[in-house]
Amino acid sequence: MTTEIASLVITPLTTAVGSAVRGVDLATLSDPDFEKIRSALFNRCMLVFPDQALDDASLLKFAGRWGEIMVTPMLTYLEGYPGILRVRNRGKDNTPTEYWHADSPYLERPPALSILAARELPTTGGDTMWCNQYLAYDALSDGMKSFLDGKRVKYSGAKMAKRTGHDGEVPYTYHPAVRTHPETGRKALFIGNEELTPSFEGMTEEESRPLLDFLYQQSPNPDRMYRHQWRPGDVVMWDNRCAMHYAVHDYGEEPRFMHRVTIAGERPF
Ligand SMILES: O=C(O)CCC(=O)C(=O)O
Ligand SMILES: [Fe+2]
């Protein structure tokens with residue numbers, strides 16, 4: 001009698017970004033498989049793991065293998081599972097995620113990685129998109145690359161503070177507009193929209209806006225992204241140091257629940 005043991009298969013999702021990882025159970029992942037998945041993540045910027053049965057305890061355990069599980073100020077976490085954020089449908093007018101962004105970039109040390117496990121999905125819609133910020137940087141001219149070299153951008157948490165009703169101090173900081181990934185050594189464009197990144201350091205908002213808008217708008221080119229249609233059992237993770245993401249809100253009032261864990265990162269350099 002033979003027993004078939006499924007083995008790890010990693011396949012690209014688009015040429016630009018993302019891979020699907022099959023043949024593994026994230027709750028019982030071996031160390032060699034973890035290492036293969038780790039390098040796939042850093043090179044592909046996001047991974048999809050279909051057909052997982054990862055409960056909240058196993059989600060936290062899996063997340064802990066990547067580094068320190070972090071909690072972000074201004075956000076509220078799932079009771080009994082510190083570190084798990086319940087992402088829910090807040091209505092199209094209130095959604096804090098329907099725009100291209102990296103997670104919590106206004107922190108001194110923004111999360112390196114984010115993991116999202118599908119818990120309840122709308123009948124149709126509610127896709128999430130990712131784009132590759134290595135490629136966005138590579139596409140710039142040499143002149144633009146040298147202009148951006150050493151430039152820092154102001155990152156503000158004002159929008160998140162307003163959305164979450166936070167009345168303490170609004171976090172803000174400065175980060176390089178081009179960051180170097182600590183694992184791959186590759187450079188990635190690191191910018192946000194007008195609310196997240198109002199200006200370059202040492203420049204006015206009026207001076208900064210046209211260039212920041214250009215950089216922001218050309219980042220998620222259709223040939224640099226992947227759009228994920230969620231299925232029950234999906235777990236997706238991404239690297240905020242080389243990808244931005246965008247949650248499409250096209251499912252009205254239907255319930256949509258995701259459980260998210262973020263892993264601490266270094267100060268961008
Ligand atoms: O709901 C989603 O698909 C992603 C939301 C998001 O931006 C996040 O969880 O960081
Ligand atoms: Fe996000």
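When a ligand or atom number is given, it counts from 1 through the structure's own listing order.
For atom 1 (O) of ligand 1, the nearest protein heavy atom (residue, atom name, distance) is Arg256 NH1, 2.8 Å. Nearest protein heavy-atom neighbour of atom 6 (C) of ligand 1: Thr97 CG2, 3.4 Å. Protein heavy atom in closest approach to atom 10 (O) of ligand 1: Arg260 NH1, 2.7 Å.
Applying the 4.0 Å criterion to heavy atoms of Asp103 picks out, from ligand 1, the atoms 10 (O). The Val87 neighbourhood of ligand 1 comprises atoms 1 (O), 9 (O), with distances under 4.0 Å to a heavy atom of that residue. Each of the following atoms of ligand 1 lies closer than 4.0 Å to a heavy atom of Thr128: 2 (C), 3 (O). Residue Trp238 has at least one heavy-atom neighbour below 4.0 Å for each of these atoms of ligand 1: 10 (O). Those atoms of ligand 1 that come under 4.0 Å of a heavy atom in His101, given as number and element, are 7 (O). Short contacts between ligand 1 and His245, defined as distances under 4.0 Å to a heavy atom of the residue, involve ligand atoms 6 (C), 7 (O), 8 (C), 10 (O).
Between the side chains of His245 and Trp238, a donor-acceptor pair is found at a separation under 3.5 Å. Residues His259 and Asp56 have side chains that bring a donor and an acceptor to within less than 3.5 angstrom of each other. In this model, a donor atom of one side chain and an acceptor atom of the other lie less than 3.5 Å apart for Glu108 and Thr173. In this structure, a donor-acceptor pair under 3.5 Å is absent between the side chains of Thr97 and Tyr246.
Take the N/O/S atoms of His101: the one nearest the Fe ion (ligand 2) is NE2.
Evaluated for a side chain to side chain donor-acceptor pair (under 3.5 Å) with Asp138, the options Arg186, Lys187, Arg224 yield exactly one hit, Arg186.
Contact analysis leaves Phe257 out of contact with ligand 1, as no non-hydrogen atom separation drops below 4.0 angstrom.
Note: angle at the Fe ion (ligand 2), from OD1 of Asp103 to NE2 of His245, is 90° (rounded to 10 degrees).
The proximity of Tyr99 to ligand 1, defined as any non-hydrogen pair under 4.0 Å, does not occur for either the backbone or the side chain. Contact annotation for Leu116 and ligand 1: only side-chain heavy atoms (C-beta onward) come within less than 4.0 Å of the ligand.
In this structure, Glu183 places its CD atom where more than 12 heavy-atom neighbours from other residues, nucleotides or ligands lie under 6.0 Å away. A 6.0 Å sphere centred on NZ of Lys61 holds no more than 12 heavy atoms belonging to other residues, nucleotides or ligands.
Thr124 contributes atom OG1, which lies 6.5 Å from atom CD of Glu254 (distance to the nearest 0.5 angstrom).
Lys92 places a side-chain heavy atom less than 4.5 Å from the side chain of Glu98.
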